[in-house]
There are 2 protein chains.
Amino acid sequence: MNCGNLGEFCENEAKGVVQSLVLDSEKGELVKASGRVEKKVGKSEGKTIAALKSHSEAERRRRQRINAHLSTLRSLVPSSDKMDKAALLAQVVCQVKQLKETATHVSERFFIPLDSDEIKVETIAENAIDGTCLYRASICCEYRTDLLSDLKETINSLHVNLIKSEISTLGSRVKNVFVFTNLIDGDRANTEARQILLSSIRQAFSSVLDKVSAFSEYSAYPNKRQRISCFDSSSLFR
Amino acid sequence: MNCGNLGEFCENEAKGVVQSLVLDSEKGELVKASGRVEKKVGKSEGKTIAALKSHSEAERRRRQRINAHLSTLRSLVPSSDKMDKAALLAQVVCQVKQLKETATHVSERFFIPLDSDEIKVETIAENAIDGTCLYRASICCEYRTDLLSDLKETINSLHVNLIKSEISTLGSRVKNVFVFTNLIDGDRANTEARQILLSSIRQAFSSVLDKVSAFSEYSAYPNKRQRISCFDSSSLFR
DNA sequence: AGGGACACGTGAACC
DNA sequence: TGGTTCACGTGTCCC
């Protein structure tokens, strides 16, 4: 079935003069649109038709692309047959929120790496006597070869006193947690030294993270489904 | 800006006679559409305009609804600014798949209730000597008051030998697992008795589940976000 | 220019 | 019938 049309023309269309009626939404009446009546008279009719045709075909392809994604979403959302587009999208919004919330709950209660790359560095205790601090640094990312040795090297280069390190995996995701104290350094002001340490830890971990991303992000293997972060990158360092 | 138009009419539109050019996509040429030329002459022009207006307004509202959902999806998907609609939907598909997969991994590795209501009843061992069987039955659903006492009553009514029961919660979701054996009943054929027991357990648990749904499903409190099942209902009893 | 993306109004189909 | 949903071609803006 072909519902397409190129507008409704008069017999005198060939002269390039078109008079049209336009619906004025505010006033709700038909209005003669007399502006821009001369319709590019210099252009050949054939070219115009070709352009219009390719335009409508491109638009059809665009619609197909969007609708294809909508129908795979439909297959992902339970009992979404017979839903119209808006209702389907509403359910998808709901489902994504729900799944994210569950994922957050899970990761809070259990020690599980999630799908968001994440680096966290925090001070968890302070020794009032000698001024040393207890830190907790964690990195969550896709596993890759040499990840662990890179992390080990990173920790060593920071000159900290490693107290505990944990590792856990889920699928191809891995999460590492390090607990450590700073080495005592009476020369510098403690607060400043702490800030420097924290930021250098973040920076070092970020390098490790970037190396992971460099391996996976633009590898462009169509078979390897790209992992999507669950959270905004703005929350990476919160 | 008002881009709307009611087609492009000739001066003789008032007579109800319209000649139009139609793009034939297959042949790629303009064709005079001379069929259906008489345009409901009996209808007053005012009515037609009013209908057309309400039609276009309804369509605009529909578009707004869809686009509103798309933009909230955009806020849920990281770095989706500047993505066009198709790309955004592709990312949403990706994210939903990813989150579901993670949820499945998590629930497989840990004993965690998920967002899908689920009843599982299975035979996990069989005693070759006396013909008793070891069963494992689990129910996962939204928590409600009296859920536990209902489940207890259900188990009692089944006349089984309860060996172990576990409960775990995540958010407002709760999962109960019962391990039990059947009571020895030499009268009936064992295989038949087992089937009856399994199906009566499923039925009893289903009643409990239905009671949960009755409370939450159509409560229509707009503040209470409705939970969406992660899986097709077809997988409920797999 | 020329192609992509979007919003628009419209015809058709379904209740 | 009116109301609603969808696909379509088109105008317009932006690169």
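Order of the sequence lines fixes the chain letters, A, B, ..., with proteins taken first and strands second; residue numbering starts at 1 for each chain.
Listed by chain and residue number, nothing satisfies the side chain to side chain contact (heavy atoms under 4.5 Å, CB included) test with B/S71 (two or more places apart in sequence, or in another chain). For B/A87, the side chain to side chain contact (heavy atoms under 4.5 Å, CB included) partners at least two apart in sequence or on another chain are B/M83, B/D84. Taking B/D150 as the reference, B/R144, B/K211 meet the salt bridge (charged side-chain N to carboxylate O under 4.0 Å, His left out) condition, with sequence neighbours excluded. In terms of the side-chain hydrogen bond (donor to acceptor under 3.5 Å, both in side chains) criterion, residue partners of B/E59 (sequence neighbours excluded) are, by chain and number, B/R62. Residues forming a side chain to side chain contact (heavy atoms under 4.5 Å, CB included) with B/S199 (at least two apart in sequence, or on another chain): none. With sequence neighbours left out, the side chain to side chain contact (heavy atoms under 4.5 Å, CB included) criterion links B/A90 to A/H69.
B/S207 has its side chain out of reach of B/T154: every pair of non-hydrogen atoms, C-beta onward, lies at least 4.5 Å apart. Proximity of A/N176 to A/L148: side-chain heavy atoms (C-beta onward) are separated by under 4.5 Å at one or more points.
Distance A/E57 CD to D/dA7 P: 18 Å, rounded to the nearest Å. In this structure, B/K47 atom NZ and D/dT1 atom C1' are separated by 10 Å, rounded to whole Å. If you measure from atom CE of A/M83 to atom P of C/dC14, you get 22 Å, rounded to the nearest angstrom. Nucleotide D/dC8 holds its P atom 16 Å from the CG atom of A/L52, rounded to whole Å. The distance from atom CG of B/L89 to atom P of C/dC6 is 10 Å, rounded to the nearest whole Å.
Between the side chain of B/H55 and the base of C/dG9 there is no donor-acceptor pair of N/O atoms closer than 3.5 Å. For B/E59 and D/dC6, a side-chain-to-base donor-acceptor distance below 3.5 Å is present, hydrogens and geometry of angles not being considered.
The phosphate of C/dG9 has neither OP1 nor OP2 within less than 4.0 Å of any side-chain N or O from B/K53. Distances shown here put a side-chain N or O of B/K85 below 4.0 Å from the OP1 or OP2 atom of C/dA7.
Each end of the helix from C/dG2-D/dC15 to C/dC15-D/dG2 gets its own axis from five base pairs, and the two axes differ in direction by 10°, given to 10 degrees.
The side chain of A/D84 lies closest to D/dC6, out of D/dC8, D/dC6, C/dA5. Set against C/dC8, D/dC6, C/dC6, the side chain of B/R60 has C/dC8 as its closest nucleotide.
For residues 61-68 of chain B, proximity to DNA chain C is found at B/R63, B/N67, defined as any non-hydrogen atom under 4.0 angstrom from a strand atom.
Closest of all the heavy-atom pairs between B/K100 and A/L76 is NZ-O, 2.6 Å.
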